[in-house]
Amino acid sequence: MATASPPSVRSLHKSFFPKSPLLPHNSHFRSPRWRSSLRSRCPIRATSAVALEPESSTQRNQNMETDLFACPVCYQPLIRKGPPGFNLQAIYRSGFKCKKCNKSYTSKDIYLDLTVTAGLRDYTEVKPARTELFRSPFVSFLYERGWRQNFNRSGFPGLDEEFKMAQEYFKPTGGGILVDVSCGSGLFSRKFAKSGTYSGVVALDFSENMLRQCYNFIKQHASLLDSNLALVRADVSRLPFSSSSIDAVHAGAALHCWPSPSNAVAEISRILRSGGVFVGTTFLQYTSSTPWMVQPLRQRILQNYSYLTEEEIEDLCTSCGLTNYTRKVEQSFIMFSAQKP
């Protein structure tokens, strides 16, 4: 195995949910606002030599660069070998390698698998039922074909309005990188990419079939195939990005499906830059207007999922180092936002 210095090093920074509807309850609507500005962004630079496989003349003509993505094992930036670009085709044709733990990652099907278990042959891991449910081809197919639309019964304002609300919170992050965690079939990932607001959008989910559905929808829009939109399989509790490397994180109707919301929010806080923004939506366990006699019953019914209260979500965000917490509530729907100081 030869050791060579990369000819060029560049940062890419510039170039489930049953999501089951809940019974509605009357509640108030709050919308505190805040503004902030992001500090200047610094590209990641590689300064050491990297061990590589012998190259053909064709391979030597391809770009080698330190990538936005990081190893989910050690969080070191991955070295990318292949054509430049942040679009689906460029990433599909690229190889990724961690120079620290020597683990390689490649695109499987149409997404880049950046889970800790990527490439393992003998070891298998089963997640909780609420996670495994959305790895099903059937549920993944239905998600954007009626499943998600039913959330309106619980106070969700509809996809277009929800997107507008999120964009308001994300205003300080314009021009940066946005990660749509637990993206499902990518209904918001596509909206974020089409908006032209961000230099890159990462549609990230643990479900292989959700990512396949996302790709099928992307194929229907030629402009998205060439846009800076990447599909990545990853665990929300082990996000494959370096610390302080991401400008915006979105999690639509997802928090209640995470096996450990505290681990996930801590990871989101880790990857956000100073001034970066986290926006999420979920179903509330109950609201301040829910009769106290009904609250224990709802807790018992919803115990298989991580449905939280307004106070618990705020406590979770602040305990993970996020500030400027704000929320909007309607029935069982909550959109919350917090910022990395």
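Predicted, not measured: the structure shown is a model, and the values here were computed from it.
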Evaluate the side-chain proximity of [Y] to [X]: yes if any heavy-atom separation is below 4.5 Å, no if none is.
X	Y	answer
Tyr215	Leu88	yes
Pro261	Leu316	yes
Phe241	Leu204	yes
Phe283	Leu255	no
Cys214	Leu231	yes
Ser274	Pro341	no
Val279	Phe170	yes
Arg327	Tyr325	yes

Calculate, to the nearest 0.5 Å, the distance between atoms [atom1] and [atom2] belonging to [X] and [Y] respectively.
X	Y	atom1	atom2	answer
Phe333	Leu284	CZ	CG	9.5 Å
Asp235	Asn263	CG	CG	9.0 Å
Leu68	Ser245	CG	OG	6.0 Å
Cys183	Gln213	SG	CD	11.5 Å
Ser207	Arg212	OG	CZ	8.0 Å
Lys81	Arg93	NZ	CZ	14.0 Å

Do the side chain of [X] and the main chain of [Y] share a donor and acceptor less than 3.5 angstrom apart?
X	Y	value
Asp205	Gly184	yes
Thr281	Met335	no
Gln285	Tyr307	yes
Glu267	Leu239	yes
Thr117	Thr124	no
Arg238	Val116	no
Asn324	Ala338	no
Lys340	Leu272	yes

How close do [X] and [Y] get, counting heavy atoms only, and between which atoms?
X	Y	result
Ala248	Thr173	CB-OG1, 3.7 Å
Phe86	Val202	CZ-CG2, 3.6 Å
Ser140	Asn209	OG-CB, 3.4 Å
Cys320	Ser269	O-OG, 2.7 Å
Leu322	Phe278	CD1-CD2, 4.0 Å
Asn228	Ser199	ND2-O, 2.9 Å

Please tell me whether [X] and [Y] have a donor and an acceptor in their side chains that are separated by less than 3.5 angstrom.
X	Y	answer
Gln167	Tyr169	no
Trp258	Ser182	yes
Glu144	Ser185	yes
Ser189	Asp180	yes
Arg233	Tyr111	no
Arg80	Ser94	yes
Arg273	Ser244	no

Restricting to side chain to side chain contact (heavy atoms under 4.5 Å, CB included), what partner residues turn up for Lys194, sequence neighbours left out?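 Expected list: His221, Leu224.
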
Which residues share a side chain to side chain contact (heavy atoms under 4.5 Å, CB included) with Lys191, sequence neighbours left out: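 Lys191: side chain to side chain contact (heavy atoms under 4.5 Å, CB included) contacts with Leu159, Asp160, Phe163, Phe188.
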
Do Tyr92 and Met210 belong to the same hydrophobic cluster, where Ile, Leu, Val, Met, Phe, Trp and Tyr are linked whenever their side-chain heavy atoms lie under 4.5 Å apart, directly or via other members?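 Looking at the clustering, Met210 is in a separate group from Tyr92.
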
Should the pair Arg190 and Phe217 be classed as cation-pi, given the thresholds of under 6.0 Å to the six-membered ring centre and 45° from the axis?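 Judged by the rule, Arg190 and Phe217 form a cation-pi pair.
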
For the residue pair Arg145 and Phe141, would you count it as a cation-pi contact if the rule is NZ or CZ under 6.0 angstrom from the ring centre and within 45 degrees of the ring axis?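 Yes, a cation-pi geometry holds between Arg145 and Phe141.
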
Apply side chain to side chain contact (heavy atoms under 4.5 Å, CB included) to Ile334 and Leu308, showing your working. CA-CA 10 Å; Ile334 182 172; Leu308 304 180; over 6 Å; no

Apply salt bridge (Lys or Arg N to Asp or Glu O under 4.0 Å) to Glu208 and Arg135, showing your working. CA-CA 6 Å; Glu208 304 92 326; Arg135 297 178 72 184; 2.6 Å; yes

Please confirm whether the ring centroid of Tyr105 lies under 6.0 Å from the ring centroid of Phe69.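 They do not qualify: ring centres at least 6.0 Å apart.
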
Within the supplied structure, the quantity of interest is the number of heavy atoms (other residues, nucleotides, ligands) at a distance under 6.0 Å from Gln89 CD; does it exceed 12?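 Result for CD/Gln89: open.
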
Co-members of Tyr75 in a cluster of I, L, V, M, F, W and Y side chains, linked at under 4.5 Å: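 Hydrophobic cluster check, Tyr75: no partners found.
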
What verdict does the side chain to side chain contact (heavy atoms under 4.5 Å, CB included) test give for Leu229 and Ile218, after you've listed the backbone C-alpha separation in whole Å, the side-chain angles of each residue and the deciding distance to 0.1 Å? CA-CA 10 Å; Leu229 173 61; Ile218 289 173; 3.4 Å; yes

Audit row: Phe156, Asn150, side chain to side chain contact (heavy atoms under 4.5 Å, CB included) steps and yes/no: CA-CA 9 Å; Phe156 278 67; Asn150 281 329; over 6 Å; no

In this structure, which one of Thr106, Leu112, Ile79, Asp113 forms a side-chain contact (heavy atoms from CB on, under 4.5 Å) with Phe96?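 In the set Thr106, Leu112, Ile79, Asp113, the residue that makes a side-chain contact (heavy atoms from CB on, under 4.5 Å) with Phe96 is Leu112.
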
Lys328 and Met165: CA distance, side-chain angles, deciding distance, side chain to side chain contact (heavy atoms under 4.5 Å, CB included) verdict: CA-CA 9 Å; Lys328 298 178 181 179; Met165 293 164 65; 3.7 Å; yes

Sidechain N-carboxylate O distance under 4.0 Å for Glu162, Arg148: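 A salt bridge is present here (some side-chain N lies under 4.0 Å from a carboxylate O).
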
Assess the residue pair Phe206 and Phe134 against the criterion (ring pair (Phe, Tyr, Trp, His ring centres under 6.0 Å)); give the C-alpha distance rounded to whole Å, side-chain angles, the decisive distance to 0.1 Å, and a yes or no. CA-CA 9 Å; Phe206 188 76; Phe134 290 92; over 10 Å; no

